[in-house]
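Working notes, beginning with the structure itself.
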Number of protein chains: 2
Amino acid sequence: MPLETLRSDWLDAFVAFAEHRNFTHAARELHLSQPALHVQIAKLSEELGVTLYRREGRALSLTHQGTQLLAFAREARERSREIVAELRGEPADAAVTMAAGEGAYLYLLGDALRAFTRRSTARLQVLTRDRQGAIDAVRSGEAHLGMGSFSSLPDDVLGTPLVEIGSCVVMPSAHRLARKRAIVLADLAGEALVVPPAGRPHRTALAQALETAGVAWRVAAEASGWDLMLHFASLGVGLTVVNDFCRIPRGLVARPLRGLPSVRYDLLSRRGARLGAGALALRQCVVDKTSRR
Amino acid sequence: MPLETLRSDWLDAFVAFAEHRNFTHAARELHLSQPALHVQIAKLSEELGVTLYRREGRALSLTHQGTQLLAFAREARERSREIVAELRGEPADAAVTMAAGEGAYLYLLGDALRAFTRRSTARLQVLTRDRQGAIDAVRSGEAHLGMGSFSSLPDDVLGTPLVEIGSCVVMPSAHRLARKRAIVLADLAGEALVVPPAGRPHRTALAQALETAGVAWRVAAEASGWDLMLHFASLGVGLTVVNDFCRIPRGLVARPLRGLPSVRYDLLSRRGARLGAGALALRQCVVDKTSRR
DNA sequence: CGGTAGCTATAATGTGATGTTATCGTAGTT
DNA sequence: AACTACGATAACATCACATTATAGCTACCG
């Protein structure tokens with residue numbers, strides 16, 4: 001109970017440790033011996049009365065509380081840097097970090113990011129992450145904001161619904177289905193499809209939908225990323241199903257696909273995060289430029 | 001240049017010092033010797049490369065940068081307390097602090113504060129301050145928000161216009177001027193007025209307006225605060241001029257006064273402050289409940 | 001006007017917190 | 001099973017920081 005304020009040097013040590021999840025490496029980064037770092041983390045943990053990490057085999061992983069502390073520590077460090085620069089009269093070159101998938105950057109966030117770089121002086125830093133990676137980046141404070149489509153979010157991450165995206169079937173303009181205005185799952189019976197590798201969410205959703213609709217199909221090719229899928233489709237390898245925000249290459253046509261649930265993209269931020277001016281500006285830009293569709 | 005993050009114990013020491021502006025007393029509060037505290041502040045100042053306070057005779061006063069640092073340190077401490085409570089699973093009893101004048105509390109903020117206490121679990125802490133006091137409280141981080149009417153604001157304080165308030169003349173219902181719908185400055189010629197003490201802003205504005213309009217008047221009584229002014233008016237001591245948000249006691253009537261500039265009330269927050277959930281909720285309540293009028 | 005009270009500031013000195021080296025235990029690896 | 005990599009703890013060393021002492025400054029008072 002005799003706790004004033006968390007010692008910032010311990011927090012810095014914790015950030016280094018948490019990023020490596022390895023005392024030896026983190027200690028080297030801090031120009032410190034491994035035992036010294038170990039003791040700091042132990043004291044921090046004891047003072048808080050909270051276990052910050054756990055052993056899993058010989059690997060270490062942060063507890064939930066460790067992750068929360070990491071986010072706090074990163075935020076505090078960032079804030080500290082800002083105030084120091086401000087006091088010294090140096091221009092604050094704060095960076096704003098965003099985590100999202102490649103698809104989001106290529107097809108959804110373009111306008112928003114352009115608007116942001118025009119409006120704000122803050123540097124923009126982007127992390128390309130998959131769904132879980134984006135969530136983790138946001139909850140650990142690695143990124144200020146995240147974007148993606150999520151079936152569920154942990155309690156400590158806040159999602160703002162932005163836009164609903166449907167699917168479309170993409171095929172050569174000469175294809176027999178191109179004459180239809182919209183396509184249903186049954187239309188795809190017997191087709192060879194260009195799909196993401198097994199296990200990727202889009203693949204899973206598509207396969208499941210076709211399965212339950214009793215539609216037989218086969219894999220024409222597996223490709224990662226909308227661009228590559230479309231590329232194979234334009235080579236004539238097979239049809240493909242992509243999100244309807246994709247730009248369709250010449251020679252191909254897209255038709256809305258009914259029967260596949262639409263995907264909602266959310267803007268993520270950490271619950272309880274105190275965003276700085278830059279991050280707020282970016283959030284505003286994303287909401288403004290992305291949500292009306 | 002070799003600066004990682006500001007040491008939080010030094011910041012705590014600085015907060016204590018800044019609040020007392022006296023090393024000896026602050027050191028006592030920190031259970032520390034005066035030289036020890038002095039050295040901490042000196043090191044902090046040196047590490048920042050910034051002078052934090054100045055001697056004025058035998059008193060010490062914070063520099064502008066000292067004030068900025070104070071605000072930062074208070075915010076950081078607050079944030080640290082929150083995260084500790086959260087990690088331990090204790091309920092965070094964050095407090096939200098507001099600085100305003102008595103008049104604002106009595107006549108403008110009632111609805112907003114009631115709405116806030118219903119909506120948020122955060123404790124509400126109010127500071128009664130005059131104009132300069134409210135500004136100082138906000139820029140030094142003593143208060144999260146401030147409210148009042150200000151002719152000008154320093155760069156580091158952000159004002160959100162809320163509501164324009166006019167003036168009215170208050171008098172016994174039997175008074176000759178009570179038959180008029182609105183009153184102009186000239187109508188007050190020869191009247192005895194209940195006014196605030198010399199130097200108070202309302203007194204200054206009123207006296208100046210009457211002066212330039214060439215209207216002769218005299219002081220019937222001097223009283224601090226709208227309530228007291230109205231009280232004297234209802235005793236029949238004289239007429240009074242108050243903001244038109246005041247509740248008028250029985251037996252008196254109010255008539256709008258033309259010719260006195262209206263006063264704008266602003267909601268204040270520190271530029272660059274990262275407000276927590278509680279303070280944001282309060283701000284929202286104030287804006288919602290106060291601005292439409 | 002000089003003495004005094006109250007405080008800041010610096011110097012000299014001591015002690016405890018924190019860092020380092022050394023070493024053991026343990027879990028994966030070959 | 002021996003090896004490798006790393007976490008954890010202990011023994012010892014050092015450096016940062018606290019304390020006491022004191023000089024210097026400013027206002028105030030008789």
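Throughout, a chain's letter reflects where its sequence line sits, starting with A, and its residues are numbered from 1.
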| request: Give every residue pair that meets the salt bridge (charged side-chain N to carboxylate O under 4.0 Å, His left out) criterion with at least one member in residues 120-137 of chain A, sequence neighbours excluded. | output: D93(A)-R123(A), R129(A)-E142(A)

For a quick test of reading the model: is some side-chain N or O of [X] closer than 4.0 Å to OP1 or OP2 of [N]?
X: T24(A); N: dG7(D); value: yes
X: H38(B); N: dT8(C); value: no
X: R7(B); N: dC17(D); value: yes
X: K43(B); N: dA16(D); value: no

| task | State plainly whether the residues E47(A) and R7(A) are in salt-bridge range, i.e. N to O under 4.0 Å. | result | no

| message | Check this for me: does any side-chain nitrogen of one of E78(B) and R274(B) sit under 4.0 Å from a carboxylate oxygen of the other? | response | no

Does [X] have any side chain to side chain contact (heavy atoms under 4.5 Å, CB included) partners at least two apart in sequence or in another chain, and if so, which?
X: H20(A); value: N22(A), H25(A), A26(A), E29(A)
X: A207(A); value: W217(A)
X: A122(A); value: V96(A), F116(A), S120(A)
X: L153(B); value: I135(B), F150(B), V157(B), L268(B)

| task | Using heavy atoms to find the nearest nucleotide of DNA chain C for H25(B) and W10(A) separately, return the residue whose nucleotide is more 5′. | result | H25(B)

| message | Suppose the criterion is side chain to side chain donor-acceptor pair (under 3.5 Å): which pairs have a residue in residues 56-67 of chain B, not counting sequence neighbours? | response | E56(B)-S61(B)

Separation of [X] atom [atom1] from [N] atom [atom2], in whole Å?
X: R54(B); N: dA9(C); atom1: CZ; atom2: P; answer: 13 Å
X: Y53(B); N: dC7(C); atom1: OH; atom2: P; answer: 15 Å
X: R28(A); N: dC6(D); atom1: CZ; atom2: C1'; answer: 11 Å
X: E47(B); N: dA16(D); atom1: CD; atom2: P; answer: 13 Å
X: I41(B); N: dC17(D); atom1: CD1; atom2: P; answer: 13 Å
X: F23(B); N: dC25(D); atom1: CZ; atom2: P; answer: 17 Å
X: L52(A); N: dA8(D); atom1: CG; atom2: P; answer: 12 Å
X: H20(B); N: dG6(C); atom1: NE2; atom2: C1'; answer: 16 Å

| note | Hits for salt bridge (charged side-chain N to carboxylate O under 4.0 Å, His left out) against R271(A), two or more places apart or cross-chain, chain-then-number order -> none

Pairs: protein N or O with nucleotides 26-30 of chain D N or O, under 3.5 Å:
none

Nucleotide N/O of nucleotides 18-22 of chain D paired with protein N/O under 3.5 Å:
from, atom 1, to, atom 2, distance (Å)
dA18(D), OP1, Q40(B), NE2, 2.9
dT19(D), OP2, S33(B), N, 2.7
dT19(D), OP2, S33(B), OG, 2.6

